Amino acid sequence: MALKATIFKATLNIADMDRHYYADHQLTIAQHPSENDERMMIRLLAFALNAHEDLEFTKGLSTDDEPELWQKSLSDEIELWVELGLPDESRLRKACNRARQVILYAYGSRAVPVWLEKNQSKLRRFDNLRIVELPSESTEVLAGLAERNMSFQVTIQDGEVSFSNEGALASITPAPLFP
């Protein structure tokens, strides 16, 4: 018998001073059986960093030809493709050919520099690709905030992201790696 996804509900009250975006989002997140809390919360972080009324979670891990998040235009063109982790270069190539903009949120502190060194020369040819590293100390704290029903005030200012709820705070400073 196949394992089913665990459903999480999240309310994000986003105040993004860097992009002048202020909105509330009610989100339903399906956590794949093979996905840990850290990865799921990074998806939530990626949503907050790119929040838009048309941004949506996809089938993610269970589908090879979809990203974690995407934003599509009214004509069904992919405006934004958001990946997580350290994917194969061919996956990023495919994403860059399909979407107007691709953002990779890389995490896993020791593995990121090795992965970047191995793939950087191949990835340089994509002018629509941006790679951002998420510090593992911060993503681990963020993972500790995971609950089945979550409500966060998300503040983004000067490149720093704060997730806070009634009793806890996680601060993340994403570091641009590429270009």
Side-chain angles (χ1 to χ4, degrees), residues 3 5-6 8 10 12 16 18-19 27 29-52 55-72 78-146 150 152 154 156 159-163 170-179:
L3 295 173
T6 304
F8 287 77
L12 300 183
D16 186 341
D18 293 349
R19 293 189 306 136
L27 305 169
I29 307 155
Q31 184 182 32
H32 191 275
S34 68
E35 182 177 40
N36 62 23
D37 286 348
E38 181 180 25
R39 189 174 193 289
M40 182 199 60
M41 293 300 285
I42 290 172
R43 284 197 292 145
L44 207 56
L45 170 63
F47 184 94
L49 286 167
N50 299 285
H52 186 277
L55 185 65
E56 60 187 27
F57 292 104
T58 66
K59 294 176 186 168
L61 284 174
S62 61
T63 306
D64 287 339
D65 62 341
E66 291 183 2
E68 297 300 325
L69 295 158
W70 63 16
Q71 179 182 325
K72 290 186 169 185
I78 303 170
E79 299 281 327
L80 175 63
W81 179 295
V82 177
E83 282 289 332
L84 302 180
L86 303 171
D88 189 63
E89 177 271 336
S90 63
R91 182 165 175 83
L92 290 175
R93 179 176 1 104
K94 179 179 176 182
C96 288
N97 289 331
R98 291 183 62 194
R100 199 183 91 213
Q101 180 183 14
V102 177
I103 301 174
L104 168 64
Y105 291 100
Y107 66 98
S109 61
R110 289 187 218 154
V112 173
V114 174
W115 177 88
L116 187 60
E117 186 177 323
K118 176 184 171 193
N119 293 289
Q120 193 166 8
S121 62
K122 296 174 190 170
L123 298 175
R124 286 225 181 269
R125 64 183 174 186
F126 303 114
D127 58 357
N128 61 337
L129 174 64
R130 195 166 50 124
I131 301 174
V132 178
E133 183 176 13
L134 303 173
S136 61
E137 313 81 49
S138 301
T139 59
E140 289 168 9
V141 172
L142 185 62
L145 302 180
M150 304 175 273
F152 294 108
V154 181
I156 303 169
E160 185 172 327
V161 185
S162 296
F163 269 70
S171 293
I172 303 106
T173 304
L177 290 180
F178 182 87

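The residues of the chain are indexed from 1 along the displayed sequence. Quantities reported herein were computed from a predicted structural model and do not represent experimental measurements.
- Rounded to the nearest 0.5 angstrom, Ile42 CD1 and Thr139 OG1 are separated by 4.5 Å.
- Between the Arg98 side chain and the Asp65 main chain, a donor and an acceptor come within less than 3.5 Å of each other.
- Annotation: side chain of Leu49 is not in contact with side chain of Val132 (no heavy-atom distance under 4.5 Å).
- Atoms CG and OH, on Leu84 and Tyr105 in that order, are 9.0 Å from each other to the nearest 0.5 Å.
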List the steps and the verdict of side chain to side chain contact (heavy atoms under 4.5 Å, CB included) for Asn119 and Leu92.
CA-CA 10 Å; Asn119 293 289; Leu92 290 175; over 6 Å; no
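- Here the closest non-hydrogen pair linking Met41 and Ala143 is CG-CA, 4.0 Å.
- At least one donor-acceptor pair closer than 3.5 Å links the side chain of Ser138 to the backbone N or O of Ser171.
- Trp81 CH2 to Leu69 CG: the interatomic distance, rounded to the nearest 0.5 Å, is 11.5 Å.
- With a 4.5 Å cut-off on side-chain heavy atoms, Gln101 and Glu79 do not count as touching.
- Across all their heavy atoms, Met40 and Met150 have their closest contact at CE-CE, 4.3 Å.
- A donor-acceptor pair under 3.5 Å is absent between the side-chain atoms of Arg19 and the main chain of Ile156, judged by distance alone.
- Rounded to the nearest 0.5 angstrom, Arg93 CZ and Arg125 CZ are separated by 5.5 Å.
- A 4.5 Å side-chain heavy-atom check between Phe126 and Val102 finds every atom pair outside the cut-off.
- Between atom OG1 of residue Thr6 and atom CD1 of residue Ile29 there is a gap of 12.0 Å, rounded to the nearest 0.5 Å.
- For the residue pair Phe163 and Leu142, the shortest heavy atom distance occurs at CG-CD1, 3.7 Å.
- In this structure a side-chain-to-backbone donor-acceptor pair under 3.5 Å is present from Asp18 to Gly159.
- The side-chain heavy atoms of Val82 and Pro67, taken from C-beta on, include no pair separated by under 4.5 Å.
- Using a 4.5 Å cut-off on side-chain heavy atoms (C-beta onward), Leu44 and Phe152 make contact.
- Between the side chain of Trp115 and the backbone N or O of Asp88 there is no donor-acceptor pair closer than 3.5 Å.
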Might you work through the side chain to side chain contact (heavy atoms under 4.5 Å, CB included) test for Leu177 and Val112, ending with a clear yes or no?
CA-CA 10 Å; Leu177 290 180; Val112 173; 3.6 Å; yes
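- Salt-bridge annotation for Glu68 and Arg39: present, with a side-chain N of the basic residue lying under 4.0 Å from a carboxylate O of the acidic one.
- Atom CD of residue Glu133 and atom OG1 of residue Thr173 lie 12.0 Å apart, to the nearest 0.5 angstrom.
- The side-chain heavy atoms of Leu129 and Pro179, taken from C-beta on, include no pair separated by under 4.5 Å.
- At least one donor-acceptor pair closer than 3.5 Å links the side chain of Gln31 to the backbone N or O of Glu35.
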